[in-house]
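Worksheet: one structure, shown below.
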There are 2 protein chains.
Amino acid sequence: MSGGTGWQDVRDEALRRIRARIWAPGDRIPDEAALAEELGCARATVNRALRDLAEAGLLERRRKGGTRVPLTPVRKATFSIAIIRQDIEARGQVPGYRVLGDRLEPAPEWLRSRMGDGPLRHVTALHTADGAGFCLEDRWLNPVLVEGVSFETLSANEWLVGNVSFAEGTLAFHAVSATLDLARALGCREGDALLALDRETRGEGPITWVRLVYAPGHRVQAAL
Amino acid sequence: MSGGTGWQDVRDEALRRIRARIWAPGDRIPDEAALAEELGCARATVNRALRDLAEAGLLERRRKGGTRVPLTPVRKATFSIAIIRQDIEARGQVPGYRVLGDRLEPAPEWLRSRMGDGPLRHVTALHTADGAGFCLEDRWLNPVLVEGVSFETLSANEWLVGNVSFAEGTLAFHAVSATLDLARALGCREGDALLALDRETRGEGPITWVRLVYAPGHRVQAAL
DNA sequence: GAGTGGTCTAGACCACACG
DNA sequence: GTGTGGTCTAGACCACTCG
C-alpha cells in the first residue's frame with residue numbers, strides 16, 4: 001500500500017514509538033480509536049497490530065485499563081521442536097538411529113505420579129550424525145499406545161508424531177554430567193557437561209516422557 | 001453467542017478434527033469459505049482460528065495451495081525471559097546481586113565480528129537466591145551506551161530494559177563444565193555440569209552479549 | 001456506570017502460487 | 001487464469017474492570 005495502512009505498518013510505527021521512548025515504559029498509550037484516526041485506518045487494523053505486540057510482550061493490554069508499555073517487559077522466545085532426524089539433516093549431516101534397549105519395566109518411582117503405576121515401555125536409542133553420537137534418547141512410553149510397534153527402524157519420536165494425535169506437554173532444559181554410558185554413546189569423556197532436554201507429552205492420558213541428552217557442544221537456538 | 005461461533009470455538013473444532021484424524025496428516029482441509037458456511041460464522045472468524053493453529057505449527061497454510069495438516073509438525077515452544085531478580089522472587093527466594101568485575105577491556109577475538117573491534121565494558125556479577133549463588137553473569141557491553149552508568153546496585157540486565165530501547169537478538173542454551181571460578185561463585189565442584197544461556201542483543205548497533213551460567217540443577221521450563 | 005479492548009460480520013480487494 | 005488465503009473496512013455488540 002501507498003499510505004502504509006497495513007497492520008504491519010501500524011505495528012512498526014508503534015514499535016518505533018516504543019523504541020524512541022515516545023511511549024515510555026509505564027506510559028499508557030492512546031486508545032485504539034484514537035490511533036486509528038491518527039494513522040488513517042480502521043480500528044480493527046490497530047487492534048491487530050497492538051495485539052501482535054502484546055503477544056510478543058512489548059505491550060500490556062487490559063479492557064478499560066487501556067494499553068501500556070510494561071515497566072519490566074517479559075520477552076518471549078520461541079524455538080522450534082523438530083524431529084531429531086530432520087534436525088540432523090538440516091545441519092547437512094547424515095542421520096542414523098540405533099535402538100539400545102526396549103523392554104517393559106515397572107515405572108520408576110519419580111515417574112509414577114505422571115504416568116501411572118503400571119509397567120511402562122522403556123526405550124533407549126542413539127541418534128547419530130555422520131556416524132558420530134549426536135543424541136541419546138531415554139524414553140518411557142504408555143505401553144497401551146505402542147502395543148506391537150517396533151522402533152527398530154523408525155524412532156519413537158517419528159512414530160508418535162505420525163500415529164498419536166497432537167497433544168499438550170511440558171519441556172525443560174538442564175545440564176547433566178556424562179555418566180559412563182552416556183560418554184560411551186556420545187563419544188565423550190565421563191563427567192563432561194551435556195545439554196539435556198526433558199519432554200513430557202499428554203493426550204487423553206499420559207503418552208510419553210523422554211530425556212534427550214546431546215553430545216558435547218550442542219546448542220539449542222531460539223529466536224527472540 | 002448461543003451457537004458458539006467465536007473464533008476459539010472454531011479453533012477447538014479444528015483441533016478436535018486434527019486429533020481425531022478426521023483431518024489426517026497430509027490432508028488438505030476445506031477452505032475458509034466452506035468452513036465458515038458449515039460452522040455458521042464469517043470467514044474472518046475462520047481465518048482467525050486457522051491462523052492461530054498455523055502459528056502453533058499445527059496447520060500449514062499457503063495461498064492458492066490451501067490449508068494442510070503437516071506430515072511432520074514442527075511444534076513451537078515458548079518461554080518467558082524475565083529479569084533474573086524477578087525469576088528468583090517468583091521462586092519465593094530473596095534475590096541478591098554482587099558485582100565481581102567491571103572494566104574496559106579489548107574485545108575478545110570471538111566477539112569482534114559481533115560487537116566491533118573497539119574496547120568493551122566487561123561486567124561480571126553474581127546473582128544470589130537466599131544468599132546462595134544462583135547465576136553468574138558474564139557480560140560485554142557497548143561502552144558508548146553505558147557511559148558513566150554504575151551497575152553496583154542495579155544489574156546491567158535491569159538497567160538495560162529500563163534505559164535502552166527494545167531490541168532484537170538471539171538466544172541459545174548449552175551446557176558448560178564448571179571452571180574453578182564458576183565453582184566458587186555458585187557453590188559447586190569444579191567440573192560440575194551447568195546450564196548456560198547465551199544472549200546477544202542488538203538495537204541500532206550492538207548492545208550487549210551475555211552468558212548466564214546457572215547453579216547446578218537449574219532447569220529452564222517452556223510451555224508447549 | 002462507563003471506557004476500553006475483544007470480537008463478529010459482511011463485503012471487498014489484493015497477493016500469491018499453482019496449473 | 002484462477003482459486004485460495006491475507007487483509008482492510010465500517011459498524012456493531014459484548015466483556016471486563018476501573019473508578
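Note that the structure is predicted; figures quoted are calculated from it, not measured. Convention: sequence-line order gives letters A, B, ...; per-chain numbering from 1.
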_Among A:Arg48, A:Arg61, A:Arg51, salt bridge (Lys or Arg N to Asp or Glu O under 4.0 Å) partner for A:Glu32_ = A:Arg61
_Should the side chain of A:Arg63 and the base of D:dA15 be counted as holding a donor-acceptor pair, with the cut-off at 3.5 Å?_
yes
*Does A:Thr67 have a side-chain nitrogen or oxygen under 4.0 Å from the phosphate oxygens OP1 or OP2 of C:dG5?*
yes
*Phosphate OP1/OP2 of D:dG5 contacted by B:Asn47 side-chain N/O (<4.0 Å)*: no
*Report yes if the side chains of A:Arg219 and B:Asp198 come closer than 4.5 Å at any heavy-atom pair, otherwise no.*
yes
*asked:* Students often get this wrong, so: under 4.0 angstrom with heavy atoms, is A:Gly66 touching a base, only sugar-phosphate, or nothing?
replied: sugar-phosphate
_Listed nucleotide nearest any side-chain atom of A:Glu32, set C:dT4, C:dG6, C:dT9_ = C:dG6
*Go through D:dG6, D:dT9, D:dG3 for me and flag the one nearest to the B:Lys64 side chain.*
D:dG3
*Are B:Arg21 and B:Asp27 ion-paired here, with the side-chain N under 4.0 Å from a carboxylate O?*
no
*Using only heavy-atom distances, decide whether a donor-acceptor pair under 3.5 angstrom links the side-chain of B:Arg62 to the base of C:dA17.*
no
*Contact class for B:Arg68 vs. all strands (heavy atom < 4.0 Å): base, sugar-phosphate, or nothing?*
nothing
*Any idea which of C:dT7, C:dT9, D:dC8 is nearest the A:Thr45 side chain?*
D:dC8
*Considering just the side-chain nitrogens and oxygens of A:Thr5, establish if one lies under 4.0 Å of OP1 or OP2 belonging to D:dC8.*
no
*Report yes if a donor N or O on one partner sits less than 3.5 Å from an acceptor N or O on the other, where the partners are the side chain of B:Arg51 and the base of D:dT7; otherwise report no.*
no
*Considering only heavy atoms and no angle criterion, is a donor-acceptor pair shorter than 3.5 Å present between the side chain of B:Arg43 and the base of D:dG6?*
yes
